[in-house]
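Position 1 is the first residue of the sequence, and the numbers go up from there. Reckoned from all heavy atoms, side chains included, excluding hydrogens, waters and symmetry mates.
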Amino acid sequence: MRAILALTGLLAMLAMAAPHKADAQQLGVVTSDTVVIDTERLLTETAYGKRLQREIQEARDRLVARNERIASELEAEEQALTERRPDTPPDEFREMADAFDTKVTRLRNEAERNSQQLERRRDRAPLQFMRVVQPILADLLDEAEAVVMLDLRSVLLHDNVADVTDLAIMRINARIGEGPDTLPEATGEEGNASELPDLPVPSGSDEVED
């Protein structure tokens, strides 16, 4: 929903950003004072939009796998620590348990930071997409001799309004394909916008006697 709202706001700026109009080129565009476009379809049906979504999903999958691996390793470490407790002096066991607590806290904080990073990346994706495709949409606005381009989903009723979504998708695919490679890319350590596996909470240190 935030992605669509972000695109809607940027679309509203196209009327101000468009160049001075020349004669309508009529290259598949119906002349209209107002044109509409389905921003969700732009993101889901263009090669560039699909690429952005694919990369975010791949980063999410990598982090989910990483967190699951870490959770499994910590569970095994916690179990080994519990098994050593009967044969370990209390002071020594306390040091081991405290070290384990510190490790779990550090890894949980890392997971939270990574999650926040990917959340920000997901939120930025529609803005990144629009910056790249805006010149193409501005051309369509100019060719239609329109004064405004609106998101179709924000229009309750419309009559004699040109929907240029199909043409926009075709031109975006033709002119930019899967998009530029110069923008920042996520790493495999970046986070997950959805829920991640929980890291175990150590219990050994809570049971240590003085």
Side-chain angles (χ1 to χ4, degrees), residues 1-32 34-66 114-115 117-155 161-194:
M1 177 61 69
R2 284 177 294 178
I4 300 302
L5 290 175
L7 284 175
T8 302
L10 287 172
L11 280 173
M13 298 173 59
L14 279 175
M16 296 182 290
H20 295 295
K21 297 184 180 301
D23 293 336
Q25 299 177 27
Q26 296 298 326
L27 299 178
V29 183
V30 177
T31 301
S32 174
T34 302
V35 293
V36 295
I37 199 162
D38 189 332
T39 54
E40 183 172 331
R41 287 186 58 202
L42 293 188
L43 283 168
T44 59
E45 297 184 25
T46 61
Y48 184 35
K50 290 177 181 178
R51 171 197 157 196
L52 292 177
Q53 295 181 82
R54 181 176 66 251
E55 289 176 346
I56 292 173
Q57 182 62 40
E58 289 172 350
R60 175 191 182 279
D61 292 343
R62 286 193 297 269
L63 189 71
V64 168
R66 175 179 182 270
N114 290 338
S115 179
Q117 288 171 2
L118 188 57
E119 180 75 16
R120 287 193 294 270
R121 182 187 179 193
R122 187 181 66 177
D123 290 343
R124 288 196 305 266
L127 304 178
Q128 173 182 322
F129 178 88
M130 183 56 68
R131 283 197 301 270
V132 174
V133 307
Q134 181 172 335
I136 300 173
L137 300 183
D139 286 346
L140 289 175
L141 186 73
D142 189 52
E143 291 170 22
E145 297 187 345
V147 295
V148 66
M149 177 179 288
L150 300 175
D151 185 347
L152 180 62
R153 298 172 184 276
S154 68
V155 179
V161 172
D163 186 335
V164 296
T165 304
D166 290 334
L167 186 56
I169 292 171
M170 181 182 68
R171 292 195 181 181
I172 290 169
N173 286 337
R175 288 175 56 176
I176 66 173
E178 292 195 345
D181 296 323
T182 56
L183 296 172
E185 298 294 337
T187 67
E189 299 299 313
E190 283 196 337
N192 171 30
S194 59

Problem - Reported CZ-to-CG distance for the pair F129 and L42, which is rounded to 0.5 angstrom - result: 5.0 Å
Problem - Spacing of I56 atom CD1 and R124 atom CZ [to the nearest 0.5 Å] - result: 9.0 Å
Practice task
Report yes if the side chains of V164 and E143 come closer than 4.5 Å at any heavy-atom pair, otherwise no.
Solution key: no
Practice task
With sequence neighbours left out, write down each residue that passes side chain to side chain contact (heavy atoms under 4.5 Å, CB included) with R54, or none if nothing qualifies.
Solution key: R51, E58, E178
Practice task
Apply salt bridge (Lys or Arg N to Asp or Glu O under 4.0 Å) to D166 and list each qualifying residue two or more places apart in sequence or on a separate chain.
Solution key: R41
Fill in the blank from the handout: CG of L43 to NZ of K50, rounded to nearest 0.5 Å, is 12.0 Å
Practice task
Determine whether R175 and D139 make a side-chain contact, defined as any pair of heavy atoms from C-beta on separated by less than 4.5 Å.
Solution key: yes
Practice task
Supply the atom-to-atom distance R121 CZ to R60 CZ, rounded to the nearest 0.5 angstrom.
Solution key: 13.5 Å
Practice task
Quick one: list whatever passes side chain to side chain donor-acceptor pair (under 3.5 Å) with Q57, sequence neighbours left out.
Solution key: D61
Exercise for the section: Measure the OG1-CG distance between T46 and L52 for me, rounded to the nearest 0.5 Å. Expected result: 8.0 Å
Practice task
Let me see the working for I176 and I136 under side-chain contact (heavy atoms from CB on, under 4.5 Å), right down to the final yes or no.
Solution key: CA-CA 10 Å; I176 66 173; I136 300 173; 4.3 Å; yes
Completion exercise
All heavy atoms of G179 vs all of Y48, minimum pair found to be CA-CD1, 3.5 Å
Practice task
Using side chain to side chain contact (heavy atoms under 4.5 Å, CB included) as the criterion, list what pairs up with D163, not counting sequence neighbours.
Solution key: V36, L152, T165
Handout entry: Pairwise side-chain contact, I37 with L137, heavy-atom cut-off 4.5 Å (strictly under)
Key = yes
